[in-house]
Amino acid sequence: MSRDAVDAIIDEKRVKIVVDLKPALDEETLIARIEREIAEMQPNEFFSELLRKLVPKQLVVPLAKEVDFHSKTYVSKLTDAEKLRLVKILKGMVFPISDYAPFQYAIVTAGGVDCSEVNKYTMESTLVKGLYFAGEVLDIDANTGGYNMQVAFSTGRLAGQLKK
Ligand SMILES: Cc1cc2nc3c(=O)[nH]c(=O)nc-3n(C[C@H](O)[C@H](O)[C@H](O)COP(=O)(O)OP(=O)(O)OC[C@H]3O[C@@H](n4cnc5c(N)ncnc54)[C@H](O)[C@@H]3O)c2cc1C
């Protein structure tokens with residue numbers, strides 16, 4: 001998704017992603033959950049405190065802005081229409097993507113030597129005898145979390161086991 005978003009930004013397209021912040025709950029269950037939270041709160045508690053029970057702290061103010069209901073307003077003042085708007089936004093919050101992180105934050109390179117031109121048992125090039133590849137130089141990119149390092153270690157070990 002990130003790759004598609006970056007390509008679209010480079011092509012000067014407007015990019016936004018829509019995120020369901022409550023994927024485990026359908027709209028009906030979510031409205032019931034909100035009603036229950038409100039029933040358990042004091043009438044003079046703020047809307048932000050209700051939101052805090054539903055989303056991570058950093059999302060409270062942006063979410064209140066989206067609902068168009070000030071975060072420091074009493075929760076008892078929330079109308080049915082506003083509750084419904086909150087549910088709709090929780091089920092499909094729109095995040096405009098304005099930019100992407102610069103190259104110095106890059107973790108892995110996409111592209112490189114085509115794996116179909118590499119012997120997967122020895123890492124030797126199928127085009128140039130005696131030429132071996134390992135790690136980043138190959139056209140493999142995985143999620144962060146150790147997979148790229150595993151690629152580097154495994155292909156490095158294979159490439160290092162030169163056949164006599
Ligand atoms: C900030 C950051 C965070 C990352 N986090 C993760 C992560 O959490 N999990 C994960 O799996 N992967 C992560 N990676 C990716 C992972 O580190 C790399 O995929 C992996 O190190 C690649 O190993 P490599 O040996 O192929 O290449 P490199 O580690 O890049 O090694 C290449 C070496 O070649 C040397 N070199 C370059 N040119 C020459 C030359 N002409 N002559 C001699 N030597 C040369 C370089 O100095 C370097 O030491 C991260 C990468 C970065 C940058």
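Computed from heavy atoms alone, side chains included, the values below leave out hydrogens, waters and symmetry copies. Both ligands and their constituent atoms are indexed starting at 1 by order of listing.
- When every heavy atom of Glu27 is checked against every heavy atom of Lys91, the shortest pair comes out as CG-CG, 4.0 Å.
- Under the 30°/60° scheme for interplanar angles, the aromatic rings of Tyr74 and Phe46 are found to lie parallel.
- Considering all non-hydrogen atoms of both residues, Pro43 and Ser76 come closest at O-OG, 3.0 Å.
- Every residue meeting the salt bridge (Lys or Arg N to Asp or Glu O under 4.0 Å) condition with Glu37, not counting sequence neighbours, appears here in chain and number order: Arg33.
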Name each N or O atom in ligand 1 that is under 3.5 Å from a protein N or O, and give the partner atom and the distance.
residue: ligand 1; atom: 8 (O); partner: Thr144; partner atom: OG1; Å: 2.9
residue: ligand 1; atom: 9 (N); partner: Gly145; partner atom: N; Å: 3.3
residue: ligand 1; atom: 9 (N); partner: Gly146; partner atom: N; Å: 3.0
residue: ligand 1; atom: 11 (O); partner: Gly146; partner atom: N; Å: 3.0
residue: ligand 1; atom: 11 (O); partner: Gly146; partner atom: O; Å: 3.4
residue: ligand 1; atom: 11 (O); partner: Tyr147; partner atom: N; Å: 3.2
residue: ligand 1; atom: 11 (O); partner: Asn148; partner atom: N; Å: 2.9
residue: ligand 1; atom: 11 (O); partner: Met149; partner atom: N; Å: 3.0
residue: ligand 1; atom: 19 (O); partner: Glu136; partner atom: OE2; Å: 2.8
residue: ligand 1; atom: 26 (O); partner: Glu136; partner atom: N; Å: 2.8

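- Of the N and O atoms on the side chains of Thr126 and Glu117, not one donor lies less than 3.5 Å from an acceptor on the other residue.
- Residues Ile140 and Cys115 approach most closely at CG1-SG, 3.6 Å, considering heavy atoms.
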